[in-house]
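Shown next, in structure tokens, is the structure this report addresses.
Because the structure is a prediction, the values reported are computed rather than measured. Order of the sequence lines sets the chain letters (A, B, ...), proteins ahead of strands, with each chain counted from 1.
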Protein chains: 2
Amino acid sequence: MATGRNHRPATSRSRGIPEATVARLPLYLRALTALSERSVPTVSSEELAAAAGVNSAKLRKDFSYLGSYGTRGVGYDVEYLVYQISRELGLTQDWPVVIVGIGNLGAALANYGGFASRGFRVAALIDADPSLAGKPVAGIDVQHTDALEQIIADNGVSIGVIATPAGSAQQVCDRLVAAGITSILNFAPTVLSVPEGVDVRKVDLSIELQILAFHEQRKAGEDAPEEEETAPPAAPPAAAVTKRPGPGPDGDVPAVMPA
Amino acid sequence: MATGRNHRPATSRSRGIPEATVARLPLYLRALTALSERSVPTVSSEELAAAAGVNSAKLRKDFSYLGSYGTRGVGYDVEYLVYQISRELGLTQDWPVVIVGIGNLGAALANYGGFASRGFRVAALIDADPSLAGKPVAGIDVQHTDALEQIIADNGVSIGVIATPAGSAQQVCDRLVAAGITSILNFAPTVLSVPEGVDVRKVDLSIELQILAFHEQRKAGEDAPEEEETAPPAAPPAAAVTKRPGPGPDGDVPAVMPA
DNA sequence: ATGCCTTTGTGAACGCGTGCACAAAGATGG
DNA sequence: CCATCTTTGTGCACGCGTTCACAAAGGCAT
Ligand SMILES: NC(=O)c1ccc[n+]([C@@H]2O[C@H](COP(=O)([O-])OP(=O)(O)OC[C@H]3O[C@@H](n4cnc5c(N)ncnc54)[C@H](O)[C@@H]3O)[C@@H](O)[C@H]2O)c1
Ligand SMILES: NC(=O)c1ccc[n+]([C@@H]2O[C@H](COP(=O)([O-])OP(=O)(O)OC[C@H]3O[C@@H](n4cnc5c(N)ncnc54)[C@H](O)[C@@H]3O)[C@@H](O)[C@H]2O)c1
């Protein structure tokens with residue numbers, strides 16, 4: 001996932017809904033919404049699971065955390081389930097969101113229609129660049145960072161999106177938190193440190209690609225076991241390479257430099 | 001994660017590196033690169049773990065899967081570790097990447113500098129819109145979808161990025177796979193079905209926000225324990241007769257998929 | 001060399017998530 | 001009302017991931 005991972009350890013479970021289940025609820029909701037638009041009245045766990053790309057047993061267990069909303073022998077009422085999941089996710093209310101850093105990515109996010117379609121409303125676009133201030137992006141005037149605190153307070157914003165360069169991310173984060181933001185979606189490739197009670201999720205394209213590259217390399221290595229490294233293994237750390245776990249993934253073993 | 005979760009179950013483990021560890025290696029690599037640029041020679045697991053935002057024991061265990069690259073009493077050699085992780089992730093070679101769908105998001109991705117900084121090279125930008133063909137984005141001419149297969153074959157591309165609307169994603173995916181792509185990063189809000197051996201990771205902004213909203217709602221609920229449901233819970237499933245719910249319950253989400 | 005101090009590497013315990021498999025529940029038909 | 005069939009809801013087992021805690025390893029000073 002492109003999704004953040006380390007969330008909250010296990011402070012107090014929110015009424016018994018596992019984090020892994022919460023992460024899948026939007027997936028189910030999307031599939032259910034599609035069914036709803038096709039006026040499908042009911043759906044079985046098997047069908048819905050296929051549409052969401054998960055195991056049917058997992059789906060049923062997930063739903064069991066929400067309550068017994070299905071009918072045995074029939075399935076789940078689509079409309080009813082859409083409502084229940086929406087309510088559980090807090091989508092029956094409107095969530096004003098501020099986007100900070102209106103560059104390439106920030107502008108794309110502002111233009112993204114998928115925002116509004118789920119109860120998220122772009123309350124403001126904020127950038128530190130004075131030349132951007134006042135200019136409209138996606139129909140909303142970009143505002144200067146100076147007004148950040150005021151905007152958040154006036155609109156009761158609790159969710160912020162950071163799309164600034166990595167170097168500014170922590171600073172922006174601190175200001176957002178100080179202003180009352182308690183949930184942050186971070187696109188900058190940095191680890192943000194936040195006080196207790198503030199949720200941070202990160203989206204890091206670079207990490208996703210690197211994970212793909214890892215598996216890609218492994219696939220290639222299986223097909224062609226005879227692979228030679230291009231660059232020399234660099235200098236080992238002085239004289240400390242003591243042991244190696246059996247045969248490495250490929251033949252490359254760093255040369256042990258005699259002390 | 002914003003990252004996809006369900007990866008490969010346990011087909012054939014890459015000889016000992018857990019998926020969770022692989023997902024953290026880029027994080028370590030980023031922190032190590034920063035240290036390297038500051039010419040820090042060695043780093044302890046405690047320091048590095050803090051920089052990467054993880055538990056130090058976890059970091060040490062992660063590294064133990066790669067081999068014994070540390071020195072007890074001292075720590076890890078930064079340069080050496082950078083190389084080892086880069087090699088493990090397959091970043092010592094160049095990975096040509098194609099981006100399909102050069103709209104708001106695709107253009108932002110094309111302009112993203114973080115691509116090239118890790119060995120990923122944008123080999124081509126592809127879009128179905130004829131009016132885009134030939135126009136330069138981020139210094140690269142957009143090419144029409146017709147040339148997709150040829151581009152992939154000519155450049156030996158194995159990683160593809162999908163940034164088209166959801167409705168086209170599966171179709172684009174199928175073409176990519178048929179052309180030889182074996183790793184896909186999907187930004188479209190759809191479940192892609194791919195044959196065995198093809199890796200898919202998804203980045204879904206909407207899902208991330210919904211997860212944040214869930215926790216946000218819970219925080220609010222804790223502060224105000226006396227909260228009664230605002231909207232009536234809609235009609236229970238009741239009799240599952242051929243009831244066709246015309247106008248859905250008021251709690252129904254708008255849910256309009258952007259075309 | 002020897003002893004002390006720091007830090008790694010890892011065994012083991014634990015908790016979470018996943019998936020199987022099935023009993024119970026309800027619908028449906030006779 | 002009963003039989004049968006479908007599908008839910010879940011008990012249970014298993015494997016993965018996380019974390020603790022500590023012995024071993026190495027550096028460094030004496
Ligand atoms: N573009 C992508 O596809 C992409 C992909 C993944 C990650 N990212 C990350 O997202 C972030 C933004 O990327 P981008 O391509 O849009 O960069 P960009 O340079 O185009 O935009 C950054 C914007 O942030 C503004 N900014 C800088 N400091 C600020 C501050 N302190 N307060 C408010 N605004 C500030 C700048 O004025 C600029 O408009 C970067 O951290 C990048 O690494 C981008
Ligand atoms: N913009 C965002 O911030 C954002 C965020 C999250 C997810 N997404 C998703 O990313 C995708 C792209 O978003 P966007 O805002 O860039 O949309 P967009 O409409 O601006 O761009 C889509 C592009 O894809 C091209 N396209 C359509 N069908 C194609 C096909 N079959 N083959 C090749 N190209 C095709 C279109 O010509 C267009 O240029 C969407 O699925 C969207 O839901 C976007």
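Side-chain contact of Y83(A) with E79(A): a donor-acceptor pair under 3.5 Å is absent, judged by distance alone. Between the side chains of T33(B) and E37(B), not a single donor N or O lies within less than 3.5 Å of an accepting N or O.
Q93(A) is linked by a side-chain hydrogen bond (donor to acceptor under 3.5 Å, both in side chains) to nothing, counting only residues two or more places apart in sequence or in another chain. In this structure F63(A) satisfies the ring-ring contact (aromatic ring centres under 6.0 Å, His included) test together with Y28(A), Y76(A), sequence neighbours excluded. Applying the side-chain hydrogen bond (donor to acceptor under 3.5 Å, both in side chains) criterion to S86(B), with sequence neighbours excluded, gives no partner residue. Evaluation of the side-chain hydrogen bond (donor to acceptor under 3.5 Å, both in side chains) rule for N55(A) yields no partner, not counting sequence neighbours. Partners of S56(A) by side chain to side chain contact (heavy atoms under 4.5 Å, CB included), not counting sequence neighbours, listed by chain and number: S45(A), E46(A), A49(A), R60(A). With sequence neighbours excluded, no residue forms a side chain to side chain contact (heavy atoms under 4.5 Å, CB included) with Q171(B). With sequence neighbours left out, S183(B) forms a side chain to side chain contact (heavy atoms under 4.5 Å, CB included) with L212(A), E216(A), K219(A), I159(B), D199(B). Taking T190(A) as the reference, nothing meets the side-chain hydrogen bond (donor to acceptor under 3.5 Å, both in side chains) condition, with sequence neighbours excluded.
The side chain of S64(B) sits closest to dT10(C) out of dG19(C), dT18(D), dT10(C). You'll find that the side chain of E19(B) is closest to dG17(D), out of dG17(D), dG27(D), dC20(D). Out of dT18(D), dT8(C), dA27(C), the shortest distance to the side chain of R24(B) is found at dT18(D).
Separating the CG atom of D62(B) from the P atom of dT10(C) is a distance of 13 Å, rounded to the nearest angstrom. In this structure, the CG atom of L25(A) is 13 Å from the P atom of dG17(C), given to the nearest Å. If you measure from atom CG of L81(A) to atom P of dT8(D), you get 11 Å, rounded to the nearest angstrom. Distance, L59(B) CG to dG17(D) P: 16 Å, rounded to whole Å. For the pair I17(A) CD1 and dC16(C) P, the computed distance is 15 Å after rounding to whole Å.
OP1 or OP2 of dC20(D) sits under 4.0 Å from a side-chain N or O of N55(B). Put simply, Y65(B) has no side-chain N or O that comes within less than 4.0 Å of OP1 or OP2 on dC16(D).
The ring-ring contact (aromatic ring centres under 6.0 Å, His included) pairs that include a residue from residues 191-212 of chain B number zero, where partners must be two or more places apart or lie in different chains.
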Enumerate all atom pairs, one protein N or O and one N or O from nucleotides 22-24 of chain D, separated by less than 3.5 Å.
unit_1	atom_1	unit_2	atom_2	d
dA24(D)	N3	R72(B)	NH1	2.8

Could you go over nucleotides 12-14 of chain C and give all protein N or O partners under 3.5 Å, atom names and distances?
unit_1	atom_1	unit_2	atom_2	d
dA12(C)	N6	K61(B)	NZ	3.0

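The stretch residues 37-50 of chain B touches DNA chain C through S44(B), S45(B), each having a heavy atom under 4.0 angstrom from the strand.
Along DNA chain C, the nucleotide nearest to F63(B) and the one nearest to G73(A) differ in position, and the one closer to the 5' end is contacted by F63(B).
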Quiz prompt | Evaluation steps, side chain to side chain contact (heavy atoms under 4.5 Å, CB included), between L205(B) and L109(A) | solution = CA-CA 9 Å; L205(B) 165 64; L109(A) 295 176; 3.5 Å; yes
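Y76(A) comes within 4.0 angstrom of sugar-phosphate atoms only, judged by non-hydrogen atoms across all strands, and of no base.
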